[in-house]
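What follows is one structure encoded as structure tokens, with my remarks underneath.
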There are 2 protein chains.
Amino acid sequence: MPEKKKIPKSAVSRLSLYLREVTRLEKGGKGKISSTELGDYTDLTDAQVRKDLSYFGQFGTSGAGYDIPSLKEAIRKILGKDKIWPIVLVGAGNIGSALLRYPGFKNQGFVIKEAFDADRKKVGKRCGDVVVKDIKNISDIKKNGSIRIAIIAVPENSAQDVANTLVKVGIRSILNFAPVVLRVNSGVTVSNIDLSTELENFSFILSSQEAP
Amino acid sequence: MPEKKKIPKSAVSRLSLYLREVTRLEKGGKGKISSTELGDYTDLTDAQVRKDLSYFGQFGTSGAGYDIPSLKEAIRKILGKDKIWPIVLVGAGNIGSALLRYPGFKNQGFVIKEAFDADRKKVGKRCGDVVVKDIKNISDIKKNGSIRIAIIAVPENSAQDVANTLVKVGIRSILNFAPVVLRVNSGVTVSNIDLSTELENFSFILSSQEAP
DNA sequence: TGGAATCTGTGATTTTTTTCACAAATACGG
DNA sequence: CCGTATTTGTGAAAAAAATCACAGATTCCA
Ligand SMILES: NC(=O)c1ccc[n+]([C@@H]2O[C@H](COP(=O)([O-])OP(=O)(O)OC[C@H]3O[C@@H](n4cnc5c(N)ncnc54)[C@H](O)[C@@H]3O)[C@@H](O)[C@H]2O)c1
Ligand SMILES: NC(=O)c1ccc[n+]([C@@H]2O[C@H](COP(=O)([O-])OP(=O)(O)OC[C@H]3O[C@@H](n4cnc5c(N)ncnc54)[C@H](O)[C@@H]3O)[C@@H](O)[C@H]2O)c1
């Protein structure tokens, strides 16, 4: 009976942070790092760092800490960053075109291969490395290898429709900028970027501080 | 001795969701709602909805549920949305200008009143409702009422400097798009929008599903 | 080579958050 | 106005996550 340890979802997100820091430190020529130091860089405790890494294996050496290049490679592998991930973006408006023009993703192995929009004025335009296509041709992505990650950057009233379409053509993970709760089959992962919620956390905190 | 109940941070974020839904439902003319139904709309359990609301008071009626208009007003007040929140944005590049052009914030009481950039080519340009100013004049915001919320949309290598400056001129809450861990005094709240981390969660999940 | 210093990995503990489950309140049909 | 059906609010229980704390491994230097 294979023992399954349960990994907190937040541990995976912190792994991203660790990867970012060790990547930076490796470029700076640093060779090894302790959990305490990595915790300092990420604003976490040393115990949290060690515990997070321990969910995935043993990467350190007692008395010496972690070898930066091998820790980096290990985390890259865990996060699937030893592969290139093609992405489709739907909605080439304000946010969508900012994402298309951002070179940072490509360097990280996340390549926006296709972009779709419903507006004739947008269709045919080049943005970043891609030419925006008509949403009607969305099933083109089936041809283009196997894209499983999508970004939704359309207005809230079309987001659910777009999500349904995307799931139909094989998408398994959706990064959603529209302020709506998307309904998808279990098996499809949705992550919401909700800037209003973030700002409302601020206004809540600031209001509470003011009151008492 | 005033009893202080401890409110989970995530409960505040969910409050945002509830507010969004009841606002939408009120527009649709709906008058009351049960915790079960609100949970359906937000993909949460009825118990979670009731518990969250109970941190802040008693808003419902046994047997009847919640009156939508009054629940909406109650949540608005809790989140500080009965006021207008002026915001300063730093970095009018891809992301920054997408935010400036987005009309959604204003409707929500979050008004970007000032935008700053270090690039002469950006300075002086109108974007959305504001004219981009030189970052050197950042202390202008002290004159402009009391802005306490900032959005950082500059490259990672300038983000910490910008944060330091912002805190100096009175900012207490920072929404940060740069992929760096910002160091700020306790008392200043930072929220990070880290799209790479979100995508890495996807690549982690997709990789794990593939392997076994 | 030895002994003090460092640092990991992890079981145990504590804290935090979610879920359960039910008494009490209210609604409503007849 | 009564009895049944709903639905809330909340302690208690369970689950999840973070923190503690330490045995044991390794390093380093005298
Ligand atoms: N821009 C921001 O700063 C910002 C901030 C927070 C949230 N959002 C949310 O992000 C989403 C996009 O915002 P935006 O400012 O980029 O909007 P936008 O109007 O600039 O762009 C939306 C794009 O989606 C396209 N579109 C509409 N329906 C479509 C469909 N069915 N299929 C394909 N394309 C379709 C439109 O043609 C348009 O180009 C919205 O849901 C918005 O609420 C944006
Ligand atoms: N664009 C995206 O899709 C995207 C995605 C993920 C993360 N990010 C992050 O968001 C940030 C902004 O990205 P972007 O694509 O908008 O970059 P950008 O280069 O288009 O814009 C950055 C802007 O900041 C200005 N700037 C630089 N230093 C400054 C300073 N010290 N003071 C004031 N202004 C300064 C620049 O002049 C420029 O206008 C970056 O940290 C990036 O890593 C962007």
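Just so we're on the same page: letters track the sequence lines, and every chain starts at 1.
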> A:Asn201 pairs by side-chain hydrogen bond (donor to acceptor under 3.5 Å, both in side chains) with which of B:Ser13, B:Ser16, B:Ser173?
Replying inline: B:Ser13

> C:dT8 P sits how many Å from A:Ile68 CD1, rounded?
Replying inline: 12 Å

>> I'd like to know whether B:Ser203 forms a side-chain hydrogen bond (donor to acceptor under 3.5 Å, both in side chains) with A:Lys81, so could you lay out the CA-CA distance, the side-chain angles of the two residues, the decisive distance to 0.1 Å, and finally the verdict.
In response: CA-CA 7 Å; B:Ser203 61; A:Lys81 301 206 75 183; over 6 Å; no

> Does the side chain of B:Leu182 come within less than 4.5 Å of B:Ile152's, by heavy atoms?
Replying inline: yes

> Got a sec: does the NZ of A:Lys77 have more than 12 other heavy atoms crowding it under 6.0 Å?
Replying inline: no

Please tabulate, one pair per line, each protein N/O and nucleotide N/O from nucleotides 13-19 of chain D that are separated by under 3.5 Å, including the distance.
unit_1 : atom_1 : unit_2  : atom_2 : d
D:dA18 : OP1    : A:Arg14 : NH1    : 3.1
D:dA18 : OP2    : A:Arg14 : NH2    : 3.0
D:dT19 : OP2    : A:Gln48 : OE1    : 3.4

Pairwise N/O distances under 3.5 Å, protein to nucleotides 28-30 of chain C:
none

Show me the protein contacts with nucleotides 5-8 of chain D, counting only N or O atoms at under 3.5 Å.
unit_1 : atom_1 : unit_2  : atom_2 : d
D:dT7  : O4'    : B:Gly63 : N      : 3.1
D:dT7  : O2     : B:Gly63 : N      : 3.3
D:dT8  : OP1    : B:Ser35 : N      : 2.6
D:dT8  : OP2    : B:Ser35 : OG     : 2.6

>> Less than 4.5 Å apart, side chain to side chain, heavy atoms only: is that true for B:Thr42 and B:Tyr18?
In response: yes

> Say you draw a straight line from NZ of A:Lys113 to CD1 of A:Ile87; how long is it, rounded to the nearest 0.5 Å?
Replying inline: 11.0 Å

> Can you name the side-chain contact (heavy atoms from CB on, under 4.5 Å) partners of B:Ala153, sequence neighbours left out?
Replying inline: B:Ile95

> Do any pairs count as a salt bridge (Lys or Arg N to Asp or Glu O under 4.0 Å) and have a residue in residues 166-188 of chain B, sequence neighbours left out, and if so which ones?
Replying inline: none

> Who pairs with A:Phe105 by ring pair (Phe, Tyr, Trp, His ring centres under 6.0 Å), at least two apart in sequence or on another chain?
Replying inline: A:Tyr102

> Is the NZ or CZ atom of A:Arg148 both under 6.0 Å from the centre of the six-membered ring of B:Phe202 and within 45° of that ring's axis?
Replying inline: no

